[in-house]
Amino acid sequence: MLPDYLFQKQVWFNLQKKIFNSKKVFLLLDYDGTVIPIKKYPSLAILSEKTKYLISNLTNHPNIFVGIVTGRSLKDIMSIIGIKNLCFAANHGFEIYYKKQKWIHPDAKNIAPKLKQILADLNRELKAVEGTYIENKGLSISVHYRNVKPKYVPFIKRTLKNVTSLHDSSLKLTSGKKVFEIRPNIEWNKGQAIIKILKLQRAMGKSIIIFIGDDKTDEDAFRLLPSGSITVRVGRNKSTHARYYVRSFLEVHQFLKEIIFVRKKGRQKNDWQS
Ligand SMILES: [Mg+2]
């Protein structure tokens, strides 16, 4: 089914009503390409003061729970965002952090030493390919090729396949926007991580669940979240499992502002009251 444009008049009216009437809002956000535009290098993807303010406003609101669900490592995303009261599902959900409690997927822990070896191999094998950026994320490795000449991309992919296959079936190779990733070959993804968070927070029932993402790995969450959730993909994509789409990260910001606005109304009297 094609997703609906979130700000289409009737669609948006119904969504506002839904957000207004729910007891609590559980808002889960991907980071790169969703909260901020994709940058040439991941290290440039810092949060502007304005966006930081917007996210802080959401987290300070009673009855809005905010979580960031990202492929980045926990250390990385926490240092970029620097906002308290946020929940993080990092490394595609292999690491979860909330209120000083940290959880790491037990099977992923064992793979860290293998990844260390692979990292050394990759640094050696891909040294000559200009523009490659290899990122060590502890429980996974990302190889970014946004700045690599297209003719070298198959070589990178082949090298990754070779290096990964040397280490039995405990690792798998996945891809995203201009990035290859080596991850633990464990049946675990952003969607399962979000469900774990929601269960811990006893979110099922009267709450409304919102998840916004822009890439392949976010599809697992679009697919797995309970029906009735507001799932939003950034950018129009026919093959998405998301129910809605927005055109860009700027419309994500717009949506976040509207959530605050609608919830503020929720604390006053309003004609949406049912
Ligand atoms: Mg993304």
Side-chain angles (χ1 to χ4, degrees), residues 3 6 26-48 51-52 54-55 58 66-81 83 86-97 133-147 172-183 188-195 197 209-225 229-256:
L6 186 119
F26 284 84
L27 175 65
L28 288 313
L29 301 163
D30 166 55
Y31 183 68
D32 294 84
T34 298
V35 172
I36 58 143
I38 292 195
K39 294 283 163 70
K40 220 172 166 199
Y41 294 98
S43 55
L44 296 176
I46 43 168
L47 201 58
S48 70
T51 314
K52 205 177 237 185
L54 177 59
I55 296 177
L58 283 161
V66 189
I68 303 287
V69 189
T70 175
R72 286 177 182 263
S73 72
L74 185 60
K75 204 174 148 200
D76 187 21
I77 194 70
M78 282 179 84
S79 74
I80 292 173
I81 296 195
I83 297 172
L86 264 180
C87 173
F88 293 99
N91 248 317
H92 300 291
F94 287 115
E95 298 177 281
I96 296 176
Y97 180 92
Y133 173 67
I134 303 171
E135 191 187 359
N136 176 13
K137 301 194 296 185
L139 301 174
S140 65
I141 297 170
S142 294
V143 179
H144 302 267
Y145 59 88
R146 188 166 295 277
N147 307 307
K172 69 176 169 190
L173 191 59
T174 61
S175 60
K177 286 182 180 169
K178 306 279 180 197
V179 63
F180 293 121
E181 285 188 305
I182 299 176
R183 295 204 239 167
W188 191 253
N189 55 46
K190 281 183 168 183
Q192 283 160 293
I194 292 177
I195 293 197
I197 293 169
I209 297 155
I210 303 173
F211 174 63
I212 316 176
D214 75 308
D215 207 349
K216 251 188 233 168
T217 55
D218 301 310
E219 288 295 331
D220 293 317
F222 296 147
R223 201 167 39 85
L224 292 175
L225 287 180
S229 303
I230 302 176
T231 49
V232 185
R233 176 139 177 170
V234 184
R236 201 162 179 223
N237 188 306
K238 280 183 191 163
S239 56
T240 184
H241 287 93
R243 279 182 67 186
Y244 307 98
Y245 78 93
V246 291
R247 296 183 185 124
S248 74
F249 79 99
L250 290 172
E251 285 193 339
V252 174
H253 292 188
Q254 188 57 37
F255 182 36
L256 299 181

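Atoms within each ligand, like the ligands themselves, are counted from 1 in listed order.
Of all non-hydrogen atoms in Asp214 and Lys177, the two that sit nearest each other are OD2-NZ, 2.7 Å.
Its N, O or S atom nearest to the Mg ion (ligand 1) is what matters here, and for Asp32 that atom is O. Taking the Mg ion (ligand 1) as reference, Asp30 places its N/O/S atom OD2 nearest. The atom of Asp214 that is an N, O or S and sits closest to the Mg ion (ligand 1) is OD1.
Using modelled atom types, one side-chain atom of Ser248 and one backbone atom of Leu250 make a donor-acceptor pair closer than 3.5 Å.
Other residues, nucleotides and ligands contribute only 12 or fewer heavy atoms inside 6.0 Å of the NZ atom of Lys75.
Taking the six-membered ring where the residue is Trp, the centroids of His241 and Phe222 are separated by 6.0 Å or more.
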